[in-house]
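We use all heavy atoms of the structure for the numbers below, so side chains are in, but hydrogens, waters and symmetry mates are not.
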Amino acid sequence: MSFLKINNLSVNYEMRKEVVHAARNVNIEVNKGEILGLVGESGSGKSTVGNAIINLIDEPGKVSNGSITLGDINLSKDPDNIIKYRGKKIGLIFQDPQTSLNPILTIGEQLIETIQTHLDLSREEAKNRSINLLKEVGIKEAEKRFDNYPHQFSGGMRQRVVISLALCCEPELLIADEPTTALDVSIQSQILKLIKKLTKDRNLAVILITHDMGVIAETTNRVAVMKNGNLVEIGATKEILVSPKEDYTKSLVSSVPPTNKKISRFKIIDKEKRKLVKNNIKILDRWTKKEIKKQKLVEVKNLSKSFDDNFFTENLKNSVMAVNDVSFNINEGESFGLVGESGSGKSTIAKMIVNLFKPSSGEIFFDNVCVTKLKKSIEMMKFRKQIQMIFQDPYSSLNGRLKVKDIISEPIKLHNSSISKNDLNNYIIDLLDSVELTQKSAERYPHEFSGGQRQRISIARALATQPRLLVCDEPTSALDVSIQAQILNLLKDLQEQLNLTILFISHDLPVVRQMCDKIGVLRNGKLCEVSNTEELFLKPKHDYTKELLHLMPKIESLYK
């Protein structure tokens, strides 16, 4: 008998001019001891279904039809009563760990508070339970980290804390909304194994909402596919991913980057309806292209960076060595990938290259100029113009108070103060066109766009100064596979047309394989190996690299 039953669920958002149907007559059942995957593009209604179960639909949204029952409890009859079931009977893992944790409380206090709210345990018992949970989700030195605040953890570490919070009261239903988006493959593997083990050991019913088809392939028992609020098809995981019946599901599966080979372009859903950038970039007329000489553009020599654990003390015993004696080169026109688990030093290296962090030791050369020794503001401005960064979260990296045209125009006016208003407007339109956004987009604000569209705005802003190097720090980790395919194709086209050099940082190994010419593998701040991409995937030398490749989720595993 099904533990969770969703019957004819409809969720509407009544706007001033229209009614948005976020979910339409959705029917889903989940059994205890089963993991159901919920997939679809951004805006398909995946998270809406999960939020409706726990009555977290924001105004003006509301459940307009249908019922939701959990065992013998009818949640839809008394939605306000759901408060006593959240945490106790229903565990929640949200996509963004930063907003799921209270920044002014230690993670230990947050765990103890949650446990004591739902379970009859003393503070000491709750503390012991909390520490054991932190260990269980892979947090090292759990006793020490128990008293740390959320900002003292990396993105992946914060997600582990959120997962421990979701599990701390032994729920019967677990709703995991993109639980491994911020995690590298090794930690992702641990978390997914943990969820599978708990599902079996505790007889949990689990809804796993994700855009990672590899995770779906290796974790779930059944899959439900959604599009535009409608349930397209539902069935056994192997059946849906290997022999899908609906055209949309076929397109969705085809957008997944393969793990066993390198391809020239990513397949795109409804590609006939979407304009490709290739051979249609107007900004080429404005771009001062340098001939690629296949020489070193970036040279990193013996780079190290340590962070003091306590800002108010000079006790070096508490310092954390984030990057330890790292050296590598990036040739002009090349895509160089940096991979490794959370805390390996990937983003720290990127921030040192763009001069957001100062190295503790070592040197960084850009076009044979040592940028770590630049002191004059004129020299620094010239350097910053040539290197631009695309961040992981486009929403937080864009100023929500500015229109898109003002966001893109800022770096242009900073580096070219004499540009006329007419030329500036034309350049903005050309930049938006180059990332496949309309001219009308210039007059809108960031919150009016989807995640994929916001990342396109970030790319347009990064291109505004005509950089030679693009530093991409997890640029597609928060995007579903179809939008990811569009963004990655866009980056490939831009690189080819504009002779760009790219430093690509990601924990998604299949994506790195498709995007990069060479790859460096980091672990605990040290560089394990650097190799050509195909050589690294086919003949890895370091044991850690072999482990990462072994743990990589593979959709191809279903075809055996």
Under 3.5 Å, side chain of D517 to main-chain N/O of S335, donor-acceptor pair present? yes
So do D367 and Q295 actually touch side chain to side chain, heavy atoms under 4.5 Å? yes
Would you name the heavy atoms of Q188 and P553 that are closest together and state the gap between them? NE2-CG, 2.9 Å
Hey, could you give me the CD1/CD distance between I487 and Q453, rounded to the nearest 0.5 Å? 9.5 Å
Y445: partners by side-chain contact (heavy atoms from CB on, under 4.5 Å), with sequence neighbours left out: K403, H447, E448
Could you give the distance from CZ (F537) to CG (N532), rounded to the nearest 0.5 Å? 12.5 Å
Okay, side chain of E436, backbone of L432: is any donor-acceptor separation there less than 3.5 Å? no
Output yes when a side-chain donor or acceptor of E363 lies under 3.5 Å from a complementary backbone atom of T372, and no otherwise. no
Passes side-chain contact (heavy atoms from CB on, under 4.5 Å), I107 versus I139? Steps please. CA-CA 12 Å; I107 58 121; I139 293 180; 5.6 Å; no
Please check if the side chain of K554 supplies one atom and the backbone of H550 the other of a donor-acceptor pair under 3.5 Å. yes
Report yes or no: does Y427 contribute a side-chain atom to a donor-acceptor pair with the main-chain N or O of S409 at less than 3.5 Å? no
Should we say atom NZ of K382 is surrounded by more than 12 heavy atoms from elsewhere, each under 6.0 Å from it? no
Does a side-chain N-to-carboxylate-O contact under 4.0 Å join R265 and D493? yes
Is there a side-chain contact between V300 and M352, using heavy atoms and a 4.5 Å cut-off? no
Side chains of L101 and L165 in contact at under 4.5 Å (non-hydrogen atoms): yes
Are L488 and P257 close enough that some pair of their side-chain heavy atoms sits under 4.5 Å apart? no
Would you call R461 and S397 a side-chain contact if the rule is heavy atoms closer than 4.5 Å? yes
Test side-chain contact (heavy atoms from CB on, under 4.5 Å), reference L522, set I505, V339, V326, output is V326
Heavy atoms only: give me the nearest L490-S434 pair and the separation to one decimal. CD1-O, 3.3 Å
Which heavy atom in K492 sits nearest to a heavy atom in S264, and how many Å separate them? NZ-O, 3.3 Å
Mind checking whether P467 and Q386 have side chains closer than 4.5 Å, heavy atoms only? no
Donor-acceptor under 3.5 Å (Q455 side chain, F391 main chain): yes
Can you sort out the partners of L414 under side-chain contact (heavy atoms from CB on, under 4.5 Å), two or more places apart, ordered by chain and number? M381
Just checking K518: does its NZ atom have more than 12 heavy atoms from other residues, nucleotides or ligands closer to it than 6.0 angstrom? yes
Just wondering, do R145 and L134 contact through their side chains at under 4.5 Å, heavy atoms? no
Does atom CD1 of I263 have more than 12 heavy-atom neighbours from other groups under 6.0 Å away? yes
Rounded to the nearest 0.5 angstrom, the CG-CD distance for L498 and Q466 is 8.5 Å
Intermediate values then yes/no, side-chain contact (heavy atoms from CB on, under 4.5 Å), I353 and L503: CA-CA 10 Å; I353 288 175; L503 173 59; 3.7 Å; yes
Let me know which of L470, I387, V471, L297 forms a side-chain contact (heavy atoms from CB on, under 4.5 Å) with T501. L297
CG on L509 to SG on C516, rounded to 0.5 Å: 10.5 Å
CD of E443 to CG of D406, rounded to nearest 0.5 Å, is 8.5 Å
Side-chain (N331) to main-chain (E334) donor-acceptor, under 3.5 angstrom: no
Closest non-hydrogen atoms of A464 and P411, given as atom of the first, atom of the second and distance, are CB-CG, 4.0 Å
Run M213 and L252 through side-chain contact (heavy atoms from CB on, under 4.5 Å) and show every step you take. CA-CA 9 Å; M213 290 299 189; L252 197 65; 3.4 Å; yes
Is there a donor-acceptor contact under 3.5 Å from the side chain of Q495 to the main chain of L500? yes
Set out, in order, the CA-CA distance, both residues' side-chain angles and the distance that settles side-chain contact (heavy atoms from CB on, under 4.5 Å) for N355 and K358, then state yes or no. CA-CA 6 Å; N355 212 29; K358 293 291 184 184; 3.4 Å; yes
Search all heavy atoms of K541 against all heavy atoms of K546 and return the closest pair with its distance. O-CE, 3.8 Å
Distance from H542 atom NE2 to R523 atom CZ, nearest 0.5 Å? 7.5 Å
Inter- and intrachain pairs under ring-ring contact (aromatic ring centres under 6.0 Å, His included), touching residues 324-359, at least two apart: F307-F357, F328-F336
S360 side chain to S306 main-chain N or O, any donor-acceptor pair under 3.5 Å? yes
Are E41 and K46 ion-paired here, with the side-chain N under 4.0 Å from a carboxylate O? no
May I ask you to check whether S251 and S254 show a side-chain donor-acceptor distance below 3.5 Å? no
So which heavy atom on V185 is nearest to which on L551, and how close? O-CB, 4.2 Å
Within a strict 4.5 Å, meaning less than it, do heavy atoms of the H211 and I483 side chains meet? no
Can a side-chain donor-acceptor contact be found between S418 and N416 if the only test is distance below 3.5 angstrom? yes
Would you say the side-chain atoms of D212 pair up with the backbone N or O of G214, donor to acceptor, closer than 3.5 Å? yes
